[in-house]
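The figures here come from the full heavy-atom set of this structure, side chains too, leaving out hydrogens, waters and symmetry mates. Numbering of ligands and ligand atoms starts at 1, following listing order.
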Amino acid sequence: MAEATALEGTDPAVTASPSVAVHDRENCLGGFEIDVFFQGLAAIKDVDVEVGRKEILGLIGPNGAGKTTLVNVLTGFQPPTKGRVYLDGEDVTDWSPHHLRRSGVARTFQAGRLFLNMPVSENVEVAAVNQGISRAKGHAHAMEILEWIGLADKAHVPAGVLPYTDERRVGIARALAMNPRYVLLDEPAAGMSDHECDEIMHLIAEIPDRFGCGVLLIEHNMRVVMGVCHRVQVLDIGKTITYGTPKEIMAHPEVIKAYLGSTAEA
Ligand SMILES: Nc1ncnc2c1ncn2[C@@H]1O[C@H](COP(=O)(O)OP(=O)(O)OP(=O)(O)O)[C@@H](O)[C@H]1O
């Protein structure tokens, strides 16, 4: 993680982020006018973010831009210093991660957070059962998702022996097993080969229709982001630089300068 960036005290006209309002607040997971300060330093300053139910939103930006902090705010892991979070019209700003998870906001983590001694299938099953369905239904649901994500043949393997890239898939499977309304994926393609990236791209593209949920995707791999996202929002030093379609983002001079220029081939 990079050091927190001091935006506090700078000219508001300079630090103001553009509004990203594109959805009806009743039908999205959104953070509005979000600030997050750590020890007086702004990690996020006046950022709006919205993901719709049938949408894949990409959140990109250099290391330390504030992407994970923003996802932490949307999932209840980080209370915002200022601003509100809405889930399909309901103010959920003060809700715990557990409450949000039970209400349909699921996420993955950069580090797997799997039960390493437990078989892959049970890792996914537990996530489903925690949402209140029976063990048998949870198992069937888990196996369906593992089949879809290409891990059915490893269902009985302890999660701890999986290669890193498979761990990330199990993380996605666990999040989807919760039957979320929104799923937030933190760098799902990290460490993947080009071939694996292609596979994960196709899977992510299927999520809104197959699972009926919106996707917020943090990802450094631009091929993946530009290949699957309907909209892309760009953060840098804690504020939104711009947002738009992948095509618009690729052509944005500030984006090219601040981010894509150095990592477009990541
Ligand atoms: N718990 C914390 N305490 C203090 N500072 C933090 C904390 N979490 C994040 N930060 C700071 O907030 C800023 C944003 O960090 P964040 O991890 O959200 O960025 P990011 O865009 O997700 O970066 P990366 O791509 O490297 O994951 C950074 O300057 C980081 O050092």
Side-chain angles (χ1 to χ4, degrees), residues 1-10 15 17-18 20 29-51 57-83 85 93 96-97 100 105 107-113 164-165 167-168 171-172 175 182-192 197 200 204 215-226 228-229 231-243 249 252 254-266:
M1 252 184 225
E3 286 305 303
T5 310
L7 292 174
E8 198 175 22
T10 50
T15 59
S17 295
V20 299
L29 173 65
F32 301 92
E33 300 179 353
I34 301 292
D35 284 1
V36 176
F37 285 80
F38 293 115
Q39 292 95 40
L41 299 178
I44 298 283
K45 185 79 182 113
D46 197 27
V47 168
D48 292 341
V49 62
E50 286 183 0
V51 57
L57 171 72
L59 196 56
I60 66 169
N63 294 119
K67 305 177 297 293
T68 300
T69 303
L70 195 53
V71 163
N72 287 344
V73 168
L74 292 175
T75 50
F77 285 83
Q78 173 65 53
T81 312
K82 182 182 98 25
V85 178
T93 315
S96 67
L100 279 164
V105 179
R107 69 174 296 182
T108 65
F109 295 88
Q110 283 184 17
R113 295 204 184 192
Y164 177 69
T165 51
E167 265 185 37
R168 300 195 86 77
I172 297 170
Y182 301 94
V183 66
L184 295 83
L185 307 177
D186 201 345
E187 298 194 34
M192 291 191 173
C197 279
I200 205 81
I204 293 169
V215 180
L216 189 154
L217 172 67
I218 294 182
E219 184 51 63
H220 283 289
N221 186 311
M222 286 302 104
R223 200 160 58 90
V224 173
V225 172
M226 299 306 167
V228 299
C229 292
R231 281 190 312 126
V232 179
Q233 181 166 345
V234 187
L235 290 186
D236 194 12
I237 52 170
K239 60 179 186 139
T240 301
I241 302 180
T242 188
Y243 72 97
I249 293 302
H252 194 288
E254 231 187 304
V255 174
I256 293 166
K257 188 171 140 222
Y259 187 59
L260 295 173
S262 57
T263 56
E265 293 308 314

Interatomic spacing from CE in Met226 to CG in Asn221 - rounded to 0.5 Å: 10.5 Å

Set of residues satisfying salt bridge (charged side-chain N to carboxylate O under 4.0 Å, His left out) with respect to Asp35, sequence neighbours excluded: Lys45

Where His220 and Gly61 come nearest, the two heavy atoms and their spacing: CE1-O, 3.6 Å

Where ligand 1 meets Ala43 - atom numbers and elements under 4.0 angstrom, heavy-atom basis: 12 (O), 13 (C)

Atoms in ligand 1 flagged as close to Ala65, the criterion being non-hydrogen separation under 4.0 Å: 19 (O), 20 (P), 21 (O)

Nitrogen or oxygen of Gly64 less than 3.5 angstrom from that of ligand 1: yes

Distance-only polar pair, side chains of Thr240 and Asp48, donor-acceptor under 3.5 Å: no

Phe38 N/O to ligand 1 N/O under 3.5 Å: no

Whether Gly61 lies under 4.0 Å from ligand 1, heavy atom: no

For Pro62, atoms of ligand 1 separated by under 4.0 Å from a heavy atom: 21 (O)

Contact atoms of ligand 1, heavy-atom distance to Thr69 under 4.0 Å: 9 (C), 14 (C), 15 (O), 16 (P), 18 (O)

side-chain contact (heavy atoms from CB on, under 4.5 Å) partners for Pro79, two or more places apart: none

